[in-house]
Amino acid sequence: MATANIRNLNCSQVIAEAIGLEMERDPRILVLGEDVGRIGGVFGATRGLQERFGDKRVRDMPISEMAFTGMGVGLALAGYRPIIEIMFADFVGVCLEQVYNAMAKIPYMSGGTVRMPMVVKTAGGCIGSAAQHSQCLWGLFAHLPGMKVVVPGNPYDYKGLMASALTSDDPVVYIEHQSQMGKKATTFRAGAVVPAERYTVPIGQAAVVRSGRDLTIVTLSACVEHALEAAETLAGEGIDAEVIDLRGLVPLDMATVCASLARTSRLLVVDEDYVSFGLSGEIVARAVEELGPTALRQVARHANPDVPVPAAAALEQAVLPGPASIAAAARRMAARS
Amino acid sequence: MTSLFEHFKAMARLRAFDEACLDGFHKGEIHGELHTGIGQEAIAAGMIPSLEAGDALVSTHRNHMHGLAKGVDAHALMAEIFHRETGLCRGRGGHMHPFDLGQNFSATGIVGASLPVALGYAYAFWMEGRANVGIGITGDGGANAGAFHECLNIAGAWKLPFVVVVENNAYAISVPIRHVLATPTIAERAAAYGAPGWRVDGTDPEAVAEAFARAMEHARAGRGPAIVEATCQRFQGHYEGDHDSYRSRDEKRRMKAEHDPLAITRRKLVAAGDATDLDAILAAAKAEMAGILERVRGEPRPDAADALRYRFAS
Ligand SMILES: Cc1ncc(C[n+]2csc(CCOP(=O)(O)OP(=O)(O)O)c2C)c(N)n1
């Protein structure tokens with residue numbers, strides 16, 4: 001651990017390191033995707049892997065997502081453990097068929113006789129590229145049964161969850177946040193220290209990244225850092241927020257969420273994904289189911305209000321959660337309580 | 001026939017437009033990404049003479065020049081790229097998503113997704129018996145999307161007025177197209193769709209104009225789809241900020257020295273004894289686009305309070 005602090009990698013380097021360690025361990029792992037080989041991915045998350053493992057195991061694909069996502073299914077059936085990179089989450093529209101009708105359903109349709117150890121690795125979230133390159137879509141994947149959905153929000157988890165995804169016998173959708181790929185580990189409030197050696201973070205376990213008494217902010221991905229920043233501001237105003245990083249949607253760790261709510265009884269779900277019919281509603285529904293209809297004193301959701309992400313910066317800011325808007329949402333709750 | 005001089009003038013405007021965008025981008029005035037078509041001007045310019053107002057053109061992430069060729073107002077397009085209320089889409093779409101219904105022009109940021117939309121226009125024109133054409137633009141990379149095959153098969157089966165223009169700049173981001181093509185050219189796939197296909201030098205506006213005119217006549221006459229593959233080089237990185245480490249310094253130097261459509265056309269004009277002051281043409285184009293950029297800079301950006309507007313018609 002001594003060297004870990006001074007390594008100060010960015011998140012994409014951390015992911016490449018995780019994949020490299022798994023590929024060394026397991027020769028059945030391969031990476032197929034656009035620009036993943038020669039340049040190591042447009043976000044750099046597979047950098048150096050083609051040089052180390054050759055261009056059969058790390059292959060630059062043509063812009064043929066339907067074909068190479070389906071190839072992932074075939075490779076998994078043939079005994080391999082493919083990582084299929086869909087450059088931006090938005091592009092899954094082109095190949096959703098292979099994702100949800102094949103990859104996600106085959107294990108069940110086969111009566112459990114077939115395993116699908118495949119990882120769909122993609123980048124979601126917004127860095128200012130408007131409606132077709134800014135979506136999170138984790139709620140979509142989670143709605144479609146059969147896939148585990150993993151959404152890390154800090155460097156430690158990027159590495160450990162990739163290791164878990166690559167050892168899972170179930171299909172895993174692993175969603176990075178575009179804005180975090182170039183971000184240095186030491187700039188993170190949580191999970192900044194990344195050991196050089198291999199380790200895993202279990203899929204389906206949320207983490208309490210800040211403890212607090214007054215309300216529980218449940219979130220994931222880049223919004224965890226936003227929520228932690230908001231919580232610091234709120235602390236100065238006498239509002240003590242607990243922040244939970246879900247680290248994924250399927251399986252959903254409601255035990256951690258409910259344990260927190262049992263203490264705070266105030267729930268604020270923050271989600272960069274669309275608000276309706278998605279993660280935030282699911283959290284609220286399950287909390288009510290598990291704790292009973294009277295256990296919560298306040299419930300609020302702060303998420304994209306069902307708008308395609310606009311191009312103009314001011315509009316984008318108006319529809320996406322950030323530290324200031326999260327703090328404002330918490331203040332509104334405090335004012336009403 | 002359009003003279004080489006006219007082509008030069010058109011290309012000068014196209015380049016000046018994207019150079020103005022670059023200027024603004026590098027001053028931090030565009031939120032998000034930018035893809036320019038610098039180096040690829042001869043393709044859009046070569047299309048101009050055969051495009052009619054009633055034709056429809058659907059382009060890609062690298063669409064500015066195609067929009068201008070189709071007659072989209074340069075100011076409205078630039079204002080959109082700079083996310084102004086005065087832009088084609090009131091700053092909601094941005095540079096990858098311009099929509100101009102009046103000119104039958106649109107684009108998409110999803111690679112390969114332009115062709116199906118152009119095919120929709122082609123079907124409408126065919127039903128209505130109109131002598132118009134739906135033109136879908138794609139890069140070489142986009143030609144490997146399944147939609148390319150699906151669209152050309154449909155158009156070939158029903159003889160729809162559909163023309164595919166492939167801007168083959170040899171790369172899809174970092175992936176050299178020759179590594180991922182089953183055939184030496186994309187144009188030769190036309191045989192599979194009962195269509196003609198031409199591969200031309202896309203740095204030569206006259207060659208593009210000739211092939212595109214033939215393709216458009218073919219489609220307009222009700223004989224079905226056609227493919228025009230135009231080879232070219234993209235001078236900038238894939239997007240602004242791309243490290244572009246996949247092309248060697250030497251490759252990039254030669255590309256600019258040997259494949260610049262403006263320089264090539266200029267040399268031809270001079271060799272043919274054209275006495276016009278070509279520098280003045282370039283300067284006029286630059287001044288026009290710089291003027292538009294100045295105007296755009298003074299225009300209002302969308303107000304955050306309007307973020308939820310325009311989601312539904314009612
Ligand atoms: C379906 C889909 N896959 C991947 C991308 C990411 N992407 C954007 S442009 C591009 C390369 C396109 O290459 P090409 O079609 O040759 O056009 P060029 O950029 O060279 O003009 C890629 C892979 C995308 N936008 N859409």
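Below, chains carry the letters A, B, ... as their sequence lines are ordered, and counting in each starts from 1. Bear in mind that the values here come from a model prediction, so they are computed numbers and not experimental data.
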Closest-packed option against chain A by number of heavy-atom pairs under 4.5 Å, given B:Ile110, B:Ile30, B:Asp140, B:Leu308: B:Ile110

Residue, of A:Asp306, A:Val309, A:Val94, that accumulates the most heavy atom pairs under 4.5 Å with chain B: A:Asp306

Just give me the residue among B:Arg301, B:Glu33, B:His238, B:His97 that pairs up with chain A most often, heavy atom to heavy atom, under 4.5 Å. B:His97

With a 4.0 Å cut-off on N to O distance, would you call B:Asp23 and B:Arg297 a salt bridge? yes

Scan B:Met96, B:Gln236, B:His64 and name whichever one has a side chain to side chain contact (heavy atoms under 4.5 Å, CB included) with B:Leu34. B:His64

Could you check A:Met87, A:Arg38, A:Glu34 and say which one makes a side chain to side chain contact (heavy atoms under 4.5 Å, CB included) with B:Ile173? A:Met87

Criterion ring-ring contact (aromatic ring centres under 6.0 Å, His included) on A:His133 and A:Phe91, from CA distance to verdict: CA-CA 8 Å; A:His133 288 71; A:Phe91 310 158; 5.1 Å; yes

Tell me whether the guanidinium CZ or amine NZ of B:Arg178 lies under 6.0 angstrom from the six-membered ring centre of B:Tyr171 and within 45° of its axis. no

Pick whichever of B:Ser245, B:Ala172, B:Ala305, B:Gly146 has the most heavy-atom pairs under 4.5 Å with chain A. B:Ala172

B:Glu80 with B:Arg84: basic N within carboxylate O range, under 4.0 Å: no

Heavy-atom cut-off 4.5 Å, strictly under: side chain, backbone, both or neither for A:Glu316 against chain B? side chain

Using a strict 4.0 Å threshold on nitrogen-to-oxygen distance, state whether B:Glu167 and B:Arg62 make a salt bridge. no

Less than 4.0 angstrom from a charged side-chain N to a carboxylate O is my criterion; do A:Arg7 and A:Glu17 meet it? yes

Given the options B:Pro302, B:Gly87, B:Gly139, B:Gly142, which has more heavy-atom pairs under 4.5 Å with chain A than any of the others? B:Pro302

If one checks every heavy atom of A:Ala313 against chain B at 4.5 Å, the contacting part turns out to be both

Most heavy-atom pairs under 4.5 Å with chain B, out of A:Cys126, A:Ser64, A:Ala130, A:Pro62, belong to A:Pro62

So which of A:Ala131, A:Ser134, A:Ser129 has the largest heavy-atom pair count under 4.5 angstrom toward chain B? A:Ser129

Shorter than 4.5 Å, heavy atoms on both sides: which option in B:Cys89, B:Gly91, B:Gly94, B:Ala147 has the most such pairs with chain A? B:Gly91

Heavy-atom distances under 4.5 Å only: say whether B:Asp242 touches chain A with side chain, backbone, both or neither. neither

Mind ranking A:Ala312, A:Ala314, A:Ala318 by heavy-atom pairs under 4.5 Å with chain B and telling me who comes out on top? A:Ala312

Looking only at the aromatic ring of each residue, does the gap between the centers of B:His95 and B:Phe82 stay below 6.0 angstrom? no

Which bit of A:Val307 is near chain B, if near means a heavy-atom gap under 4.5 Å: side chain, backbone, both or neither? both

